[in-house]
Amino acid sequence: MKNKNSISIKVKNRRDFIGDVAKGVGAAAMGACLNSNLLANVWTAQTAQKFGFIIHGGAGTLEKSKMTPELEQQYRAALTEALTAGYNIIVKDGSSLDAVETAIRILEDSLLFNAGKGAVFTAAGTNELDASIMDGSNLMAGAVGVLKHIKNPISLARLVMEKSPHVMMVGEGAETFAKQQGVRFVEQSYFRTEQRWNEYLEDKAADEKQRKQPPAKKAKAVSKEYVTLNDKHGTVGAAALDKKGNLAAGTSTGGLSYKRFGRIGDSPIIGAGTYANNNTCAISATGDGEYFIRVGVARDISALMEYGNKSVEEAAQIAIGKVGQLGGTGGVIGVDKNGNFVEFFNTDGMYRGRVGSDGKMIIEIYRS
Ligand code: ASP
């Protein structure tokens, strides 16, 4: 049964048709008498190869009552800019990896999302960023964590994948590597926005209040010490299927608000927050990272498809179901090898956008 929390859109497979037409073209071209109708068909067929591009800006959306029309407009504009940039790359025969990196950089540069500029603050009042990217064509992956001075963590994750023998680098080591690669550094103050700083002050006040509670109450509250999902999120991610059939996914985040002690969430963990495999799908997750790590959400979805014959939609529903059972919230976006999209979340909303081969862009924030 189709779950109303998710969508799945089929993109028509035209590969057979393209193959037939291509054979026809070869023969006709040799005779130098290509008729213009055939040419028109070939052009349409070749440019209409299936592809798909989908992005998210976090599953912790603002409560509807706090969302002003102006703010909603800003979110929609930022998502549209990122979606359009990725779409333009794919439509011009670019790679899914380039589309994913480019769109995520745009979302990192927007102060609306919890990634790059606008990242949430740690309990120490700093910003620490995590990101990952994966190439589904060869299962290569790159991930970075606890970055303090890198403007676009997603690009550093890609450099780890392409220019180092490693998959994951964190902290000072990752920044040393970044220096060697000529990556752009910024001061910590670059990431700060007033909204995030005010959230930090709220979290700090709540935490201090909790610490003053009598020991019995405090013991119960300890697992709630780390401030929660709704309206403090905005992790960003993208998943793409390009015209060559290559899948890629990426995710970038400032992590959980008021996180502590070098905490790393699911976003830079390959198989938890990000996964791509040309045989199955490309997935980017957002939510309470600890739960997504424990379930191994992104890889779980791919495995359910590979070994369990599930559709991307069914697989996402199962994996997010497991997160929910453990008490976690969040969701995923993704695209499968046939161009079917999935958006599945157990929160009130998720900033998201998608575009398929038909070029129709859809941006949504709350449940439709
Ligand atoms: N998953 C991210 C983390 O736990 C947070 C988010 O998606 O907003 O670090």
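Counting starts at 1 for both ligands and their atoms, in listed order.
In this structure, S267 has a heavy atom closer than 4.0 Å to ligand 1. Residue contacts with ligand 1: K259 is excluded, as none of its non-hydrogen atoms falls under 4.0 Å. Not close to ligand 1: G58, with no non-hydrogen atom less than 4.0 angstrom away.
Using a 4.5 Å heavy-atom cutoff, the side chains of L139 and M134 are in contact. Counting heavy atoms from C-beta outward, I320 and F345 have side chains that stay 4.5 Å or more apart. Side-chain contact check for E314 versus L304: every heavy-atom pair is 4.5 Å or farther apart.
Short contacts between ligand 1 and T286, defined as distances under 4.0 Å to a heavy atom of the residue, involve ligand atoms 6 (C), 7 (O), 8 (O). Residue D266 approaches ligand 1 through these ligand atoms, each under 4.0 Å from one of its heavy atoms: 1 (N), 2 (C), 3 (C), 4 (O). Atoms of ligand 1 found under 4.0 Å from any heavy atom of G287, numbered from 1 in the order shown, are 1 (N), 2 (C), 3 (C), 4 (O), 5 (C), 6 (C), 7 (O). The contact set between ligand 1 and T235, taken as ligand atoms under 4.0 Å from a residue heavy atom, comprises 2 (C), 5 (C), 6 (C), 7 (O), 8 (O). Every atom of ligand 1 with a heavy atom of G255 under 4.0 Å away is listed here by number and element: 9 (O).
Using modelled atom types, one finds no donor on one side chain facing an acceptor on the other under 3.5 Å when comparing E313 with Q317. A side-chain donor-acceptor contact under 3.5 Å links T122 and T126. Side-chain contact check for T347 and T329: no donor-acceptor pair (N or O, by modelled atom type) lies under 3.5 Å.
Contacts of H56 with ligand 1, taken as heavy-atom pairs under 4.0 Å, are absent altogether.
Relative orientation of the Y200 and Y258 rings is tilted, given thresholds of 30° and 60° on the angle between their planes. Using cut-offs of 30° and 60° on the angle between ring planes, the pair F113 and Y75 is perpendicular.
Inclusion of N114 in the set of residues having an N or O under 3.5 Å from an N or O of ligand 1 is not warranted. For ligand 1, none of its N or O atoms has an N or O atom of G265 under 3.5 Å away.
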